[in-house]
Trainee: 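First the structure, then my questions, so here it is.
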Amino acid sequence: MDDVEKAILISFDESGAIDSELKLQAVNFCQKIKETPSICSLCIEKLCFCKLVQVQFWCLQALQEVIRVKYGSMSLEEKNFIRKSIFSMACLEGINDKMCVVLDSPAFIKNKLSQVLVTLIYFEYPLIWSSVFVDFLPHLSKGAVVIDMFSRLLNALDDELVSMDYPRTAEEVAVAGRVKDAMRNQCVPQIVRAWYDIVSMYRNTDPETCVTVLDCMRRYVSWIDIGLIVNDAFIPLLFELILVDGLLEQLRAAAAGCVLAVVSKRMDAHSKLSLLKSLQISRVFGLVSDDNDSDLVSAIAALITGYAVEVLECSKRVNTEDAKVISMELLDEVLPTVFYVMQNCEMDAAFSIVQFLSGYVATMKTHSSLQENQMLHISQILEVIRTQIRYDPMYRNNLDMVDMIGVEEESRMLEFRKDLFVLLRNVGRVAPEVTRIFIRNSLASAISSSSDKNAEEVEAALSLLYALGETMSDEAMRVGNGLLSELVTNLLSTRFPCHSNRLVALVYLETIERYMKFIQENVQCIPLVLAAFLDERGIHHPNIYVSRRASYLFMRIVKLLKSKLVPFIETILQSLQDVVARFTSMNLASREPAGSEDGAYVFEAIGLLIGMEDVSLEKQSDYLSSLLTPLCQQVEVTLMNAKALNPDESSLQLANIQQIIVAINALSKGFSERLVTSSRPAIGHMFKQTLDVLLQILVVFPKVEPLRTKVLSFIHRMVDTLGASVFPYLPKALEQLLAESEPKEMVGFLLLLNQLICKFSTLVRDILEEVFPTIAGRVFSAIQRVVDSSVTETNTEEIRELQELQKTLYTFLHVIATHDLSSVFLSPRSRDYLTSIMQLLLHTSCHHKDIVTRKACVQIFIKLIKDWCAKSSGEEKVPGFKSFIIETFATNCCLYSVLDKSFEFGDANTLVLFGEIVLAQKVMYEKFGDDFLVHFVSKGFPSPQNLAEQYCQKLKFVFAG
């Protein structure tokens, strides 16, 4: 072993035993060897004598690199030497009377040798080395080793140059075209003849070699003369290989792959149709009924589906009636087997079931009526859809437990089903009655054979029924028909043994909810609906995911049916008694831990039921009292014992209070403002008492942010429910909310004030004047950091919260100004913040990156000008405000900000902002007259020929648009 071989071995070492410094030296040494003039002769010498595969691979790699990089500068003698040597290696010929050992090496070495040959072909074929393929053919008689090498050469030529499955440069595409044209003219017929002879000769003695040849041939069918394959010799041979039992399965599959390549070859539609008919493809149909997991069956399945795709494409492209008839006959012949393949075989990744079936269904839309065989095909398509949407039983436990595997499988199936349900809708349009009957039969079959073991079958049938509901209009569902009535009745009256399965239970409830328009018109179904949602199939289902979803869907159903449920209120409340008791029970320690939102939808549903005026006042009061009283008592007990609780008890109690607030909040949604304030004030009194109790939470637990958030949400609800009668409770509530308010909570506080202002307008003036100074002080102190913050700071969570607070502040100021409450800014305690407010609004109206926010600030200024500035020159309502507007706002906002390069007139929001700026100038002119104009021109345009001209151009641009 010489130094070169040692260096190559060291450079390839991956064991970790070689010192890294030594390995680096070896790599550098090998690189220097590549740069020597004698590198080609050195590599060929090593390939002849050295059996170390690392050395062989390095030498072949080096030769390929040298040819790629230095071919143009090589001498003619050196090119001839490389060409002759590499070709001799590939053909099992000696070099200088010595036999090369490369063809005895592993497959990756032979593949590398073929790549070197392809690199030479890239530069030399056909102009320099025109006989490369013809010269190779006589050597095939040496047997399997050379046949294998020739196949590797052709495969490498396809991979490295010819195939368009890989991205190619323009030069590579040109070279590929040149090579293919030369091969077609010179040697393709001889190569095809060689393929035929090899397969015929070796089919029984060396089937592996035949597999290699056929896999190679399959690649070339797409661009060679199809007549060389489709003839009385080759096609019968291929089908004989496919159909004869006893041959190597891989050989039969390889032959099927070649026929698929023939079927897929691009050509004129009429010629293709004649070709497809001549193949008599029905000969292979029986092969797919064997072992569905075998390579042969997979290959036959790919052949049949590929054939069907081509027939369908021909049916669209042929333009004669006879051709259309032939294409439909061929399609009718192959479709039953295609349907079998879709349901029972492993599908080729390149074949899209949905795309093919959608294409076939589309052909039926042109027919006024469907023939019997087409109706049969529709039923088979529906069966394929049902099979495809079915979950694999192996994931049943994962899906039930909702572990990571289950979540991934459910997400995959949700995505996978989308196109299948689109196909179902298309089938439903072409053959609506067939579709409904199929779904009815699927559901009936699932009902009759239902057991714990066929949960996937039931889930698929219910999913089809749900999807059918999605295709129906509200009117069609309301009117219904005999079949629809039968479907819904069967659905409602069935108790599946596999109902404990999460997916079955969920799709069952979703499907009932989907058909509620039908149930609205068929009130006799309501008891069955209630039973489904209130028993162990729904809210009382053992799976928490099902019971939660059932609660939400039940609330939606109550919203939809409302007054029709009045006769059933007692039954419903009785059924939900245990759910309600989890909240109203005083035995808090026995409760299982749950999320704070658990039960909210149940209470909302109950609120919707008992909050109707159809319920008598006496019953309504009893119902509401039975719910609110125990809930409020729990809160009061907890508040009284708050100081005596240890940390663990306190944590549990606080979680329970959160749940109670959520429950009461949800319950109150069913009661309208008119009912609790006008028609039944006694009900309103009960909610006022509840509000009084819950406001104590802010006193006892002033710093528990989750509780404060929940109480704030309840106050929002009471503003909508109690209307103006909530006023007496607001001072205390606002005082407590403001006492400990952090920036994040301040956002919620401002939103509450916005709600109050929008609902009650000037009625909240006194309240607003009381709290505004405190708000202004805290907010301005907090958001100063946003105004001053650098770019690097804007990513912190604190800064994001402050930015949200600033955004909410602008909305708050805008709501005040636009609801005739601008006098709040002028109250004695608020005047200290007036300058800060004006400066903030000015800065924002000129520079804020959000155009909508800038517009809001300009609108605030417009309203303040209208409110605070009189047309007469009398005493100013707000001393200094007029001069601030004329001297600062007008020039900075209405002129300089518009001229700034960031002001994009091509943006729709910017144009709206500009409209507000123009309106501001109009209002200023109306209020201030020449005082405004003189200052605007003299101070705003110190260089009239410059800025004035620019400003006019901007105006012209807008007016032109």
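Numbers here are sequence positions counted from 1.
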Trainee: Any chance you could measure T811, atom OG1, to L751, atom CG, to the nearest 0.5 Å?
Mentor: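 The OG1 atom of T811 sits 8.0 Å away from the CG atom of L751.
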
Trainee: Would a line drawn from the ring center of Y466 to the ring center of Y515 be shorter than 6.0 Å?
Mentor: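 Between Y466 and Y515, the centre distance exceeds or equals 6.0 Å.
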
Trainee: What I'd like to find out is whether the side chain of Q658 reaches to under 4.5 Å of the side chain of V662, using heavy atoms alone.
Mentor: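 With C-beta onward as the side chain, the pair stays apart.
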
Trainee: Any chance you could lay out the side-chain hydrogen bond (donor to acceptor under 3.5 Å, both in side chains) test for Y623 and E570, step after step, and finish with the verdict?
Mentor: CA-CA 10 Å; Y623 292 146; E570 293 285 355; 2.7 Å; yes

Trainee: On a heavy-atom basis, which atom in C525 and which in F518 lie closest, and how many Å separate them?
Mentor: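 Between these two residues, the closest heavy atoms are SG-CE2, 4.3 Å.
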
Trainee: Could you walk me through whether T471 and T435 pass the side-chain contact (heavy atoms from CB on, under 4.5 Å) test, one step at a time?
Mentor: CA-CA 11 Å; T471 66; T435 304; over 6 Å; no

Trainee: Is the centre of the F687 ring less than 6.0 Å from the centre of the F671 ring?
Mentor: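 Yes.
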
Trainee: Is there a side-chain contact between Q388 and F416 (heavy atoms, below 4.5 Å)?
Mentor: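 Contact flag for Q388/F416 side chains = yes.
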
Trainee: How long is the gap from CG on L628 to OG on S668, to the nearest 0.5 Å?
Mentor: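 So the CG of L628 and the OG of S668 are separated by 9.0 Å.
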
Trainee: Please indicate whether K559 has more than 12 foreign heavy atoms, meaning atoms of other residues, nucleotides or ligands, lying under 6.0 Å from its NZ.
Mentor: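 Open: at most 12 neighbouring heavy atoms sit under 6.0 Å from NZ of K559.
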
Trainee: Salt bridge between K669 and D720, side-chain N to carboxylate O under 4.0 Å?
Mentor: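 Result for this pair is no, no salt bridge flagged.
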
Trainee: Let's go through V434 and L382 carefully: what are the C-alpha distance in whole Å and the side-chain angles of both, what is the deciding distance for side-chain contact (heavy atoms from CB on, under 4.5 Å) to 0.1 Å, and is it a yes or a no?
Mentor: CA-CA 9 Å; V434 175; L382 290 167; 4.3 Å; yes

Trainee: Before accepting this row, confirm whether a basic side-chain N of the pair E459/R417 lies closer than 4.0 Å to the acidic partner's carboxylate O.
Mentor: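 Answer for the salt bridge query: yes.
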
Trainee: Taking the side chain from S547 and the backbone from I544, do they hold a donor-acceptor pair closer than 3.5 Å?
Mentor: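 Yes, the answer is positive, given that a donor and an acceptor are paired below the 3.5 Å cut-off.
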
Trainee: Do R708 and E705 sit within salt-bridge range, that is, some charged N less than 4.0 Å from a carboxylate O?
Mentor: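 Between E705 and R708 there is no salt bridge, as every charged N stays at least 4.0 Å from the carboxylate O atoms.
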
Trainee: Would you call R412 and E415 a salt bridge, taking side-chain N to carboxylate O under 4.0 Å as the test?
Mentor: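 Here R412 does not pair with E415 in a salt bridge, since their nearest N and O are not under 4.0 Å apart.
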
Trainee: Could you tell me if the side chain of N543 sits less than 4.5 Å from the side chain of N501, heavy atoms only?
Mentor: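 N501 does not reach N543 side chain to side chain.
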
Trainee: Checking side-chain polar atoms at under 3.5 Å, does E673 have a donor or acceptor matched by the opposite partner on T721?
Mentor: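 Side-chain D/A pair, E673 to T721: absent.
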
Trainee: Got a sec: does the NZ of K759 have more than 12 other heavy atoms crowding it under 6.0 Å?
Mentor: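 Count over threshold, so yes.
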
Trainee: Looking at L698 and A733, what are the two nearest heavy atoms and their distance?
Mentor: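 The answer is CD1-O, 4.2 Å.
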
Trainee: Looking at T494 and R537, what are the two nearest heavy atoms and their distance?
Mentor: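 Smallest interatomic distance, heavy atoms only, reads O-NH1, 3.3 Å.
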
Trainee: What verdict does the side-chain contact (heavy atoms from CB on, under 4.5 Å) test give for V719 and L752, after you've listed the backbone C-alpha separation in whole Å, the side-chain angles of each residue and the deciding distance to 0.1 Å?
Mentor: CA-CA 9 Å; V719 169; L752 174 60; 4.3 Å; yes

Trainee: Would you mind telling me which of L492, I557, I519 makes a side chain to side chain contact (heavy atoms under 4.5 Å, CB included) with I526?
Mentor: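 Running side chain to side chain contact (heavy atoms under 4.5 Å, CB included) over L492, I557, I519 with I526 returns exactly one hit, I519.
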
Trainee: Please evaluate residues D419 and I353 with respect to the criterion side-chain contact (heavy atoms from CB on, under 4.5 Å), reporting the C-alpha separation (whole Å), side-chain torsions for both, the decisive distance (0.1 Å), and the verdict.
Mentor: CA-CA 10 Å; D419 289 340; I353 291 175; over 6 Å; no

Trainee: Measure across L484 and A476 and return the closest heavy-atom pair with its distance rounded to 0.1 Å.
Mentor: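 L484 and A476 have their closest heavy atoms at CD2-O, 4.3 Å.
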
Trainee: Does R502 pair with E410 as a salt bridge, N-O distance under 4.0 Å?
Mentor: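 Judged by the 4.0 Å cut-off on N to carboxylate O distance, R502 and E410 do form a salt bridge.
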
Trainee: Going by distance alone, is a donor N or O of one side chain under 3.5 Å from an acceptor N or O of the other, for S713 and N665?
Mentor: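 On atom types as modelled, these side chains qualify, holding a pair under 3.5 Å.
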
Trainee: Which atom names give the shortest non-hydrogen contact between N454 and A446, and what distance separates them?
Mentor: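 N454 and A446 have their closest heavy atoms at ND2-O, 4.3 Å.
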
Trainee: Is any side-chain heavy atom of Q634 less than 4.5 Å from a side-chain heavy atom of L631?
Mentor: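 Side chain of Q634 against side chain of L631, heavy atoms only: contact under 4.5 Å found.
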
Trainee: What residues, two or more places apart in sequence or in another chain, satisfy side chain to side chain donor-acceptor pair (under 3.5 Å) together with N754?
Mentor: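 If we apply the side chain to side chain donor-acceptor pair (under 3.5 Å) test to N754, skipping adjacent residues, there are no hits.
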
Trainee: If we ignore angles and hydrogens, is there a donor and acceptor under 3.5 Å between the side chains of Q577 and Q574?
Mentor: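 Result is yes, a qualifying pair exists.
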
Trainee: Inspect the contact between K732 and E735 and indicate whether a charged nitrogen and a carboxylate oxygen are less than 4.0 angstrom apart.
Mentor: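 So E735 does not pair with K732 through a salt bridge.
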
Trainee: Can you confirm whether I683 sits close enough to L617 that some side-chain heavy atom of one is under 4.5 Å from a side-chain heavy atom of the other?
Mentor: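 In short, these two side chains touch, coming nearer than 4.5 Å.
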
Trainee: So T511 and Y508, do their side chains get closer than 4.5 Å, heavy atoms only?
Mentor: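 No. Closest side-chain heavy atoms not under 4.5 Å.
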
Trainee: Have Q755 and H716 got a donor and an acceptor in their side chains that come within less than 3.5 Å?
Mentor: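 Side chains of Q755 and H716: pair found under 3.5 Å.
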
Trainee: Does the side chain of S621 come under 3.5 Å of the side chain of S625 through a donor N or O and an acceptor N or O?
Mentor: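 Distance-only check fails for S621 and S625.
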
Trainee: If we only count heavy atoms from C-beta on, is the L734 to L753 side-chain gap below 4.5 Å?
Mentor: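 Heavy-atom side-chain distance check passes, below 4.5 Å.
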
Trainee: Would the distance check show the side chain of S448 and the main-chain N or O of S445 forming a donor-acceptor pair, the cut-off being under 3.5 Å?
Mentor: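 Flag set: sc S448 to bb S445 pair under 3.5 Å.
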
Trainee: Hey, does the side chain of D400 reach the backbone of R396 with a donor-acceptor pair shorter than 3.5 angstrom?
Mentor: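 Answer holds: no.
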
Trainee: How many angstroms lie between CG in L509 and CZ in R549, if you round to the nearest 0.5 Å?
Mentor: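 Going from CG on L509 over to CZ on R549, the span is 9.5 Å.
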
Trainee: In Å, rounded to the nearest 0.5 Å, how long is the span from CD of E408 to CD1 of I405?
Mentor: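 The CD atom of E408 sits 7.5 Å away from the CD1 atom of I405.
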
Trainee: Taking all atoms of both residues into account, what is the closest heavy-atom pair of F421 and A467, and its distance?
Mentor: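 Closest pair (atom of F421, atom of A467, distance): CD2-CB, 3.6 Å.
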
Trainee: Does one side chain, of D535 or H541, offer a donor that lies under 3.5 Å from an acceptor on the other?
Mentor: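 Side-chain D/A pair, D535 to H541: absent.
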
Trainee: Would you call E536-R495 a salt bridge at under 4.0 Å N-O?
Mentor: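 Judged by the 4.0 Å cut-off on N to carboxylate O distance, E536 and R495 do form a salt bridge.
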
Trainee: Rounded to the nearest 0.5 Å, what separation is found between the CG atom of L414 and the CD atom of E409?
Mentor: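 So the CG of L414 and the CD of E409 are separated by 10.0 Å.
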
Trainee: Verify the neighbour count for atom CD of Q524: are there more than 12 heavy atoms of other residues, nucleotides or ligands below 6.0 Å?
Mentor: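 Correct, the count exceeds 12.
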
Trainee: Just checking, is any N or O donor in the side chain of R556 or Y552 under 3.5 Å from an acceptor N or O on the other one?
Mentor: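 Yes - a donor-acceptor pair under 3.5 Å links their side chains.
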
Trainee: Closer than 3.5 angstrom, by distance alone: can the side chain of H540 be matched with the main-chain N or O of L534 as a donor-acceptor pair?
Mentor: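 The answer is yes, because a donor-acceptor pair under 3.5 Å joins these two groups.
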
Trainee: Could you tell me if Q620 and R680 have a donor-acceptor pair between their side chains, going purely by distance under 3.5 Å?
Mentor: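 There is such a pair (donor and acceptor under 3.5 Å, judged by atom type) between the side chains of R680 and Q620.
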
Trainee: What's the spacing between I378 CD1 and I381 CD1 if we round to 0.5 Å?
Mentor: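 It comes to 4.5 Å.
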
Trainee: Side chains of L462 and L491, heavy atoms from C-beta outward: is any pair under 4.5 Å?
Mentor: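 A side-chain contact exists here, since the closest heavy-atom pair is under 4.5 Å.
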
